[in-house]
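Naming convention: chains lettered A, B, ... in sequence-line order (proteins, then strands); numbering from 1 in each chain.
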Amino acid sequence: MADIKQFHSQLIRLGLSTDNDAMGRLIKFCSVSETGDLYYALKVFEQMPHPDPFVYNTLIRGFSRAPQLAHHSALLYIQMLQQEQPLLQPNKFTFPPLVKSCCCSCCGEIGDAHVEFGRQVHAHVVKFGFCEDVFTQNSLIDMYVGWGLLVEGRRVFDEMPERDVVSWTSLVNGYSRRGLVDEAFEVFEAASERGSVGWNAMVAGFVRSGRLREAFALLERMWAEEKKLDKYAAASMLAACAGLGALEQGELIVDYLKKSGIELDGKLSTAVIDMYCKCGSVDKALEFFAGLSRRALSSWNCMIGGLAMHGQGEAAVNLFREMEREKIAPDNITLVNVLSACAHAGLVEEGKHYFHYMKEVHGVEHTMEHFGCMVDLLGRSGRLSEARKLIDEMPMSPDVGVLGALFGACKIHKEIELGEQIGRRVIELEPQNSGRYILLANLYASVGRWDDAAEVRKLMNDRGVKKAPGCSIIELDGAVSEFIAGGRTHPQSKEIYAKVDEMLECIRSEGYVPDKDTVLHDIEEDDRENPLYYHSEKLAIAFGLLKTTPGAMIRISKNLRVCKDCHQVSKLISKVYDREIIMRDRNRFHHFKKGECSCGDYW
DNA sequence: TTAGGGTTAG
């Protein structure tokens with residue numbers, strides 16, 4: 001800006017301070033450039049006796065790009081219409097940014113007033129004759145779908161005399177962002193033009209809705225059609241890989257990024273770190289993180305969270321300290337991850353320390369999530385009364401997450417009375433969450449209260465709540481295979497089941513005793529015989545043993561939490577077959593090696 | 001001139 005101010009003073013000396021052409025260029029730089037200064041642009045503008053539409057448009061565009069200041073765009077537009085001498089009319093460059101500014105609400109909330117103003121702007125588009133301008137119409141589509149007014153967005157789209165790739169993409173994006181992924185996909189397939197933004201909108205939609213296989217299928221289609229991934233599509237694809245635990249595909253994307261020279265900005269780097277962590281390769285995440293020349297806050301957060309997920313609590317705390325040494329201010333997410341790292345690794349004193357420290361030293365306020373972590377930390381380690389005390393002292397009333405953490409702790413420590421009380425409360429708060437019923441039923445079962453256990457299961461059935469079937473995924477040679485507990489749909493299921501039997505026979509000599517207590521009341525319960533023996537993770541491990549060379553690591557990703565019996569079996573298999581097994585469950589990783597697990601049986 | 005990506009406890 002210093003150069004610009006000097007340039008400005010030169011223009012003034014030359015007597016050009018009221019010249020639209022000269023001042024227009026100056027304003028353009030101040031409003032549109034990354035290093036510009038919108039308020040300076042506004043000051044220059046205020047000195048101009050007769051600004052022209054170019055000047056107005058440029059300022060409107062500048063303000064429309066700053067969500068907090070977008071209301072200035074509307075004010076400028078009104079001012080432009082009110083100007084006399086000379087009378088001004090908006091042109092086709094006026095509306096796209098003006099419409100955009102209608103979409104940006106200053107506080108994240110869209111009020112009726114915003115929508116009303118947007119409709120008035122739409123009326124002006126019609127009045128001034130820009131119904132055939134593709135840019136303006138595209139902006140209107142985006143405005144309506146951004147508010148969730150999909151029918152109106154669709155109407156604009158349908159009435160356009162000509163459409164371009166942005167029109168199609170905006171519509172796809174509108175459906176996709178509202179979770180109407182099927183509708184989005186229909187438009188996507190029908191589109192006469194598809195650009196990388198459209199591919200990305202579609203993949204991101206699938207990822208957001210948890211439809212990872214479909215996201216993945218699109219990635220394969222993109223490779224097949226030799227479509228180039230740009231940094232946005234790559235980030236979405238990495239998120240799909242992270243969700244599925246598809247390390248090989250994720251690495252293909254990272255290789256592609258390196259080869260194509262796409263700039264690794266903060267968001268993309270974070271997506272890479274997240275992919276490595278969630279695919280079980282925390283070492284590669286660390287290596288990648290170490291190689292970054294600039295690290296965004298989200299990258300630090302993601303790396304600390306990744307270490308937490310893998311039970312490397314001390315490493316996570318050390319990384320947090322390194323962050324402090326580099327004078328990077330942590331945010332609430334950083335601290336959620338630090339506390340969760342302490343909880344997963346049983347670092348009780350450290351957790352307590354950072355809980356106070358975050359507020360005192362960094363001024364980060366305690367949120368619900370921080371209390372949730374602390375209740376988990378205290379409860380898991382058996383300090384149930386301390387956890388209760390913390391809940392009682394919370395400044396806000398605890399949400400179902402915080403109570404759920406206490407409930408989980410009751411299950412671990414067989415705190416039947418408190419568990420029953422909290423469990424019932426949590427079930428009523430989230431009556432559709434099957435996991436809560438199962439946990440309470442198992443808590444009753446663990447102390448031999450079979451009738452109560454059956455009553456909870458009946459309650460769940462009566463309410464029509466279904467448990468998601470246990471499902472494990474294993475990626476071999478880039479292909480993802482899926483196993484459902486007790487399922488026999490796999491073409492090689494005969495061999496796989498035989499392998500499971502062989503596995504279990506082998507580990508019996510190492511002292512394996514099936515965890516029979518929970519057989520009938522286990523979260524993986526299935527109608528078939530010996531349900532416990534054919535849990536999805538056992539099937540996936542058997543498949544891994546069949547398909548990989550001796551000594552190769554086996555990576556499995558599971559949709560639910562791993563049960564006690566499968567945990568025990570995995571430990572023994574890692575010893576008997578001399579294999580490392582990395583298993584991701586619903587909330588953390590287990591590294592099985594030589595008969596031990598990285599979680600230290602603390603999960 | 002218009003459309004897109006990341007990190008959050010249980």
With a non-hydrogen cut-off below 4.0 angstrom, is A:S170 in contact with a base, only sugar-phosphate, or nothing?
sugar-phosphate
Which nucleotide wins on minimum distance to the side chain of A:V197, given the candidates B:dG5, B:dT2, B:dG4?
B:dG4
Once you round it to whole Å, what is the distance between P of B:dA3 and OH of A:Y175?
19 Å
Is A:F93 stacked on the base of B:dT1, meaning ring centres closer than 5.5 Å and planes within 30 degrees of each other?
no
Heavy atoms under 4.0 Å, any strand shown: does A:G372 hit a base, just sugar-phosphate, or nothing?
base
Closest to side chain of A:H344, choosing from B:dG5, B:dT1, B:dG10:
B:dG10
Hey, does A:D265 reach any base, or is it just sugar-phosphate, or nothing, if we go heavy atoms under 4.0 Å?
base
Of the non-hydrogen atoms in A:A468 and A:L560, which two are nearest, and what is the gap between them?
O-CD1, 3.7 Å
Under 6.0 Å from the six-membered ring centre of A:F407 and within 45° of its axis: does the NZ or CZ of A:R436 meet both?
no
SB check A:E214 A:R208 (cutoff 4.0 Å)
no
Of the candidates B:dT8, B:dG5, B:dT1, the side chain of A:I333 sits closest to B:dT8
Give the nucleotide from the list B:dT1, B:dT8, B:dG4 with an atom nearest to the side chain of A:Y232.
B:dG4
For A:L429 and B:dG10, what is the distance between atoms CG and C1' respectively, to the nearest whole Å?
14 Å
Whole angstrom value for the distance that separates C1' of B:dT7 from CD1 of A:I328
14 Å
Could you work out which one of B:dA3, B:dT1, B:dA9 sits closest to the side chain of A:D399?
B:dA9
Would you say the side chain of A:D230 and the base of B:dG4 hold a donor-acceptor pair, judged only by whether the two atoms sit under 3.5 Å apart?
yes
How many Å lie between CH2 on A:W300 and C1' on B:dT8, as a whole number?
18 Å
Nucleotide nearest A:R436 when distance is taken to its side chain, options B:dA3, B:dT1, B:dG10:
B:dG10
Short N-O contact, A:R154 and A:D158, less than 4.0 angstrom
yes
Taking N and O atoms by type only, does the side chain of A:S196 place a donor or acceptor under 3.5 Å from a partner on the base of B:dG4?
yes
State, to 0.1 Å, how close A:L297 and A:A329 come at their nearest heavy-atom pair, and which atoms those are.
CD1-O, 3.7 Å
For the pair made of CZ in A:F188 and P in B:dG4, what is the distance, rounded to whole Å?
16 Å
What nucleotide, of B:dG4, B:dT1, B:dA9, holds the atom closest to the side chain of A:R177?
B:dG4
Under 4.0 Å from OP1 or OP2 of B:dT1: is there any side-chain N or O of A:R65 that close?
no
Classify A:G401 by what it touches in the nucleic acid, base, sugar-phosphate, or nothing, heavy-atom distance under 4.0 Å.
base
Whole angstrom value for the distance that separates C1' of B:dG5 from CG of A:L268:
8 Å
Considering only heavy side-chain atoms of A:C302, the closest of B:dT7, B:dG10, B:dG5 is B:dT7
Regarding A:R208, tell me which of base, sugar-phosphate or nothing describes its non-hydrogen contacts under 4.0 Å with the strands shown.
sugar-phosphate
Gap between atoms CZ and P, on A:F157 and B:dA3 respectively (whole Å)
17 Å
Please confirm whether the shortest side-chain N or O distance from A:K92 to OP1 or OP2 of B:dT2 is below 4.0 Å.
no
Backbone of A:L229 reached by a side-chain donor or acceptor of A:Y256 within 3.5 Å
yes
Identify whether any heavy atom of A:R588 sits under 4.0 Å from a base atom; if not, whether one sits that close to sugar-phosphate; answer base, sugar-phosphate or nothing.
nothing
In whole angstrom, what separates A:N200's CG from B:dA3's C1'?
10 Å
NZ/NE/NH1/NH2 to OD/OE distance under 4.0 Å, A:R163 and A:E193
no
